[in-house]
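Everything below concerns the one structure shown next.
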Amino acid sequence: MTTMKRWTHPQDLVALIAGAYAALSPLWTTTTTRATTTMVVLGAITAVLALIELVRPDMMSIEGLTALMGALMVAAPWIMGFSGTRPISWTAWIVGAVVLVVGAADLQVTRSHHRGTMATSH
């Protein structure tokens, strides 16, 4: 059985950078207290998940969570009531979309790898 190599998935690096950006964005973006808390929490969780995935690239459950974090970030301005604060809302929407796309792409890469590994192990 072949294993996926650590630190070699660019999509995980993109999710790590996006998560860190989201967590730090209240430092330079017009925001509210609720928006700041939301972005720091969602961004930090996203960055940690991406870091775990860089270390353990064969964990499909993490990619699913990364994609979910992207979806939560996209929905956060409406759910948490800060969609009227446009600068932080746009940050959430754009960063969330990026995280959602790279999380979904990484999930497909890992699923393809697992299917290929299972086919060759029989």
Side-chain angles (χ1 to χ4, degrees):
M1 183 167 123
T2 61
T3 58
M4 299 177 80
K5 293 183 180 174
R6 293 180 179 182
W7 308 106
T8 59
H9 288 186
Q11 60 273 27
D12 296 323
L13 186 58
V14 170
L16 175 63
I17 292 167
Y21 183 90
L24 297 172
S25 66
L27 294 173
W28 57 79
T29 307
T30 302
T31 187
T32 65
T33 302
R34 184 178 285 188
T36 296
T37 302
T38 302
M39 293 303 285
V40 168
V41 169
L42 292 177
I45 292 170
T46 299
V48 168
L49 290 172
L51 190 59
I52 291 169
E53 182 54 28
L54 281 165
V55 174
R56 294 282 316 272
D58 55 342
M59 293 180 67
M60 284 198 307
S61 60
I62 299 297
E63 286 116 5
L65 289 175
T66 300
L68 175 64
M69 294 308 297
L72 288 174
M73 220 175 291
V74 168
W78 295 293
I79 293 170
M80 299 304 292
F82 62 89
S83 62
T85 309
R86 293 292 181 198
I88 198 71
S89 294
W90 277 104
T91 300
W93 293 324
I94 292 168
V95 173
V98 168
V99 171
L100 177 60
V101 168
V102 297
D106 201 24
L107 186 58
Q108 290 303 316
V109 167
T110 304
R111 280 185 176 166
S112 295
H113 179 266
H114 280 283
R115 275 194 297 265
T117 302
M118 290 177 71
T120 59
S121 66
H122 283 64

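Computed from a predicted model, the values in this text were never measured in an experiment. For the numbers below, each heavy atom of this structure counts, side chains included, while hydrogens, waters and symmetry mates do not. By convention here, the first residue in the shown sequence is residue 1.
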Of all the heavy-atom pairs spanning [X] and [Y], show the shortest one and how long it is.
X	Y	answer
A20	A47	N-CB, 4.0 Å
A92	P77	CB-CG, 3.7 Å
A18	V95	O-CG1, 3.4 Å
L100	A67	CD1-O, 3.2 Å
M39	P26	CB-CG, 4.3 Å
T46	A15	CG2-O, 3.8 Å

Check: F82 main-chain N/O paired with R34 side-chain donor or acceptor under 3.5 Å: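 No; judged by distance alone, with no hydrogens or angles, the pair does not exist.
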
Short side-chain to backbone donor-acceptor contact, T30 and I88, under 3.5 Å: no

Note, [X] side chain near [Y] side chain (heavy atom, < 4.5 Å):
X	Y	answer
T29	W90	no
T66	M69	no
D12	L16	no

Are [X] and [Y] connected in the hydrophobic side-chain network, where two residues link if heavy atoms are under 4.5 Å apart?
X	Y	value
L68	V41	yes
I52	L72	yes
V14	V99	no
V74	I79	no
V98	I17	no

Quick check for you: to the nearest 0.5 Å, what is the distance between [X] atom [atom1] and [Y] atom [atom2]?
X	Y	atom1	atom2	answer
W93	W78	CH2	CH2	5.0 Å
L54	Q11	CG	CD	9.0 Å
T91	L24	OG1	CG	12.0 Å

